[in-house]
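A note on names: the letters A, B, ... follow the listed sequences, proteins ahead of strands, and every chain is numbered from 1. No experiment lies behind these values; they were computed from the predicted model shown.
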Protein chains: 2
Amino acid sequence: MTTGEIDESFGGVTPDAARRLLLGAVQAFAQRGFHATTTRDIAGRAGMSPAALYIHYKTKEELLFHISRVGHERSVAVLEEAVEGAADSAERLAHAVRAFVRWHAEHHTTARVVQYELAALGEEHHAQIVVLRRRSEEILRQVLEDGVRAGEFDIPDIRGTALAVMSLCIDVARWFSPQGRRTPDEIGELYADLALRMAGHRAAGVTSSSG
Amino acid sequence: MTTGEIDESFGGVTPDAARRLLLGAVQAFAQRGFHATTTRDIAGRAGMSPAALYIHYKTKEELLFHISRVGHERSVAVLEEAVEGAADSAERLAHAVRAFVRWHAEHHTTARVVQYELAALGEEHHAQIVVLRRRSEEILRQVLEDGVRAGEFDIPDIRGTALAVMSLCIDVARWFSPQGRRTPDEIGELYADLALRMAGHRAAGVTSSSG
DNA sequence: CTGTGCGCTGAGCGGCTGCTTAGCCATCCA
DNA sequence: TGGATGGCTAAGCAGCCGCTCAGCGCACAG
């Protein structure tokens with residue numbers, strides 16, 4: 001079972017029925033995809049009749065948009081908090097990757113909807129989400145740029161490397177399973193080290209300095 | 001348009017109608033997902049009536065299985081060919097990542113079906129595909145293990161790093177677009193360098209020794 | 001010229017789709 | 001006590017789903 005955990009990202013949603021529908025939709029969308037999920041399935045998971053869905057959300061797509069928006073806002077906030085108050089760029093990068101990876105592992109059900117159901121959004125909603133996504137890319141690129149300028153990193157292609165680090169973190173949502181051999185914390189730790197290596201950080205996790 | 005290119009992976013499929021159905025299904029599955037794709041859509045893309053599909057394939061799921069099997073076999077073959085005849089582990093890793101990434105970029109439509117529609121396979125078909133996927137993981141892990149043993153790489157967590165490199169390559173299928181600013185070759189080159197850095201290869205793409 | 005088989009189609013089956021509507025019932029304010 | 005309000009449901013609409021089947025036209029063997 002990959003949907004055993006509940007997602008506190010939507011804890012503040014009221015009324016209670018609207019939140020239950022949101023949680024049901026997250027699980028259903030993650031399991032089957034947006035287009036293949038029926039409103040009857042979502043309503044059933046929330047313990048309600050299909051018609052009740054339309055009291056709280058105008059359409060099925062609006063439900064996806066709410067999930068996508070809250071999910072993106074949450075993951076961007078996680079990134080922003082992570083890079084605050086770090087001593088240097090290396091620490092900022094490590095914190096950012098650790099936090100971003102942990103979010104994608106711990107909330108892999110939500111993260112799957114966030115990362116893989118973008119194409120199902122309506123045109124206008126999609127545009128709003130893209131703005132949020134650009135923000136997280138910029139945060140990461142800024143960390144790498146600062147690190148290069150400070151002489152901490154050695155990166156020939158900053159934009160490409162930022163995209164690759166981002167991509168590495170995002171893909172955690174695809175393969176992570178709570179039944180797997182690693183915890184979100186362990187993966188975050190490993191990936192922070194790998195990101196420092198990708199950034200050409202001199203001391204990055206090298207187990208021996210010269211052999 | 002993300003489905004402009006045709007995929008030569010299925011060039012050998014006969015008869016012609018079966019191949020056209022396969023190509024139509026690849027495009028439809030990649031765009032909308034398996035569950036949301038209708039047999040009428042697939043048949044329409046192949047220029048045939050819905051009923052014709054069932055002359056060549058027993059069910060819609062069998063069509064997905066064919067795509068998934070051929071796609072996995074092809075990507076594993078690409079990996080195997082890449083690691084052959086390289087001088088050392090660093091070259092083997094670079095070749096492997098370059099080839100695997102290029103395949104996922106050039107055949108991103110097929111690759112999306114291969115990587116993101118596994119859950120739609122029937123139980124037995126899924127089991128067959130998992131065998132193929134394990135093979136590609138093993139190839140990459142072996143390259144890293146050999147490199148560590150030879151003193152070329154410095155990797156604290158070989159299994160985790162192999163998974164991460166794999167994950168990095170696979171995610172290319174999610175974000176790659178022919179309209180983007182990078183060609184499959186350029187991405188392959190960048191990612192080969194990043195993989196060497198992740199493996200702790202001493203000379204990996206460091207642009208200057210001190211600044 | 002007939003007969004056989006193959007690739008294919010039009011029509012259609014039972015069932016499910018997103019969404020709407022009419023109306024029920026508990027709650028709350030006057 | 002009465003009437004309005006809001007959350008909810010049963011029933012249902014028009015249309016689409018995967019898949020089947022009878023039958024058509026064409027290539028080819030005799």
Side-chain angles (χ1 to χ4, degrees), chain A residues 10-68 113 117-126, chain B residues 10-68 113 117-126:
Chain A
F10 306 101
V13 177
T14 52
D16 181 65
R19 196 185 68 253
R20 266 156 43 218
L21 284 165
L22 223 42
L23 290 171
V26 166
Q27 294 189 7
F29 290 164
Q31 265 181 18
R32 304 250 308 159
F34 172 79
H35 290 298
T37 297
T38 70
T39 53
R40 284 164 178 83
D41 183 9
I42 297 168
R45 289 172 193 258
M48 308 165 77
S49 81
L53 192 151
Y54 294 91
I55 292 158
H56 301 283
Y57 303 95
K58 252 193 299 191
T59 63
K60 192 175 77 162
E61 191 269 349
E62 196 183 86
L63 199 37
L64 173 65
F65 175 61
H66 267 77
I67 293 166
S68 197
V113 179
E117 299 298 328
L118 286 176
L121 288 166
E123 206 170 333
E124 196 161 335
H125 287 161
H126 184 87
Chain B
F10 306 100
V13 176
T14 53
D16 181 66
R19 197 185 64 253
R20 268 156 42 218
L21 285 165
L22 223 42
L23 290 171
V26 166
Q27 294 189 7
F29 291 163
Q31 266 182 17
R32 304 251 306 160
F34 172 80
H35 289 298
T37 297
T38 69
T39 53
R40 285 164 178 83
D41 182 11
I42 296 168
R45 288 173 195 258
M48 306 166 79
S49 82
L53 193 151
Y54 295 90
I55 292 158
H56 301 282
Y57 303 96
K58 252 194 297 190
T59 62
K60 192 174 77 160
E61 191 269 349
E62 197 184 85
L63 200 38
L64 173 65
F65 174 60
H66 267 77
I67 293 166
S68 197
V113 180
E117 300 297 328
L118 287 175
L121 288 166
E123 205 170 333
E124 195 160 335
H125 286 162
H126 184 86

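- Separating the CG atom of A/D41 from the P atom of C/dC16 is a distance of 13 Å, rounded to the nearest angstrom.
- For the pair B/T39 and A/G47, both in contact range of DNA chain D, the more 5′-proximal nearest nucleotide belongs to A/G47.
- Between C/dG10 and B/S49, no contact under 4.0 Å exists linking OP1 or OP2 to a side-chain N or O.
- For the pair A/I55 CD1 and C/dC24 P, the interatomic distance rounds to 16 Å; values are reported in whole Å.
- Proximity of a side-chain donor or acceptor of B/K60 to a complementary backbone N or O of B/L53 within less than 3.5 Å is not detected.
- For B/R20 and C/dC8, the CZ to P distance is 7 Å, given to the nearest whole Å.
- D/dC19 atom P lies 10 Å from atom CD of B/E61, rounded to whole Å.
- Among C/dT17, D/dG18, D/dC8, the nucleotide with an atom closest to any side-chain atom of B/R40 is D/dG18.
- No donor-acceptor distance shorter than 3.5 angstrom exists from the side chain of A/E117 to the backbone of A/L64, with no hydrogens or angles considered.
- Phosphate proximity of C/dT17 to A/H35: absent, as no side-chain N or O sits under 4.0 Å from OP1 or OP2.
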Item checked: Verdict with reasoning, B/L23 to B/V26, per side-chain contact (heavy atoms from CB on, under 4.5 Å) -> CA-CA 5 Å; B/L23 290 171; B/V26 166; 5.5 Å; no
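- Considering only side-chain atoms of B/A51, the nucleotide from D/dG18, D/dT9, D/dC21 that sits closest is D/dC21.
- Atom CG in B/D16 sits about 14 Å away from atom C1' in C/dC8, given to the nearest Å.
- Proximity note for B/Y54 (side chain, C-beta onward) versus D/dT20, C/dG18, C/dC8: the nearest is D/dT20.
- Atoms CZ and OG, from A/F29 and A/S68 in turn, are 10.5 Å apart once rounded to the nearest 0.5 Å.
- Remark: C1' of C/dG18 and CG of A/L63 are 13 Å apart, rounded to the nearest angstrom.
- Relative to the side chain of B/T59, the nucleotides D/dC19, D/dC17, C/dC19 differ in distance, and D/dC19 lies closest.
- Taking atom OH of residue B/Y57 and atom P of nucleotide C/dC8, one finds them 12 Å apart after rounding to whole Å.
- The side chain of A/K60 lies closest to C/dG18 when the candidates are D/dT9, D/dG18, C/dG18.
- Of the listed nucleotides (C/dC19, D/dG18, C/dC8), C/dC8 has the atom at the smallest distance from the side chain of B/M48.
- Here the P atom of nucleotide D/dG18 and the NZ atom of B/K58 are 18 Å apart, to the nearest Å.
- Between B/Y57 and B/H66, the two ring planes are perpendicular [angle over 60°; tilted spans 30° to 60°].
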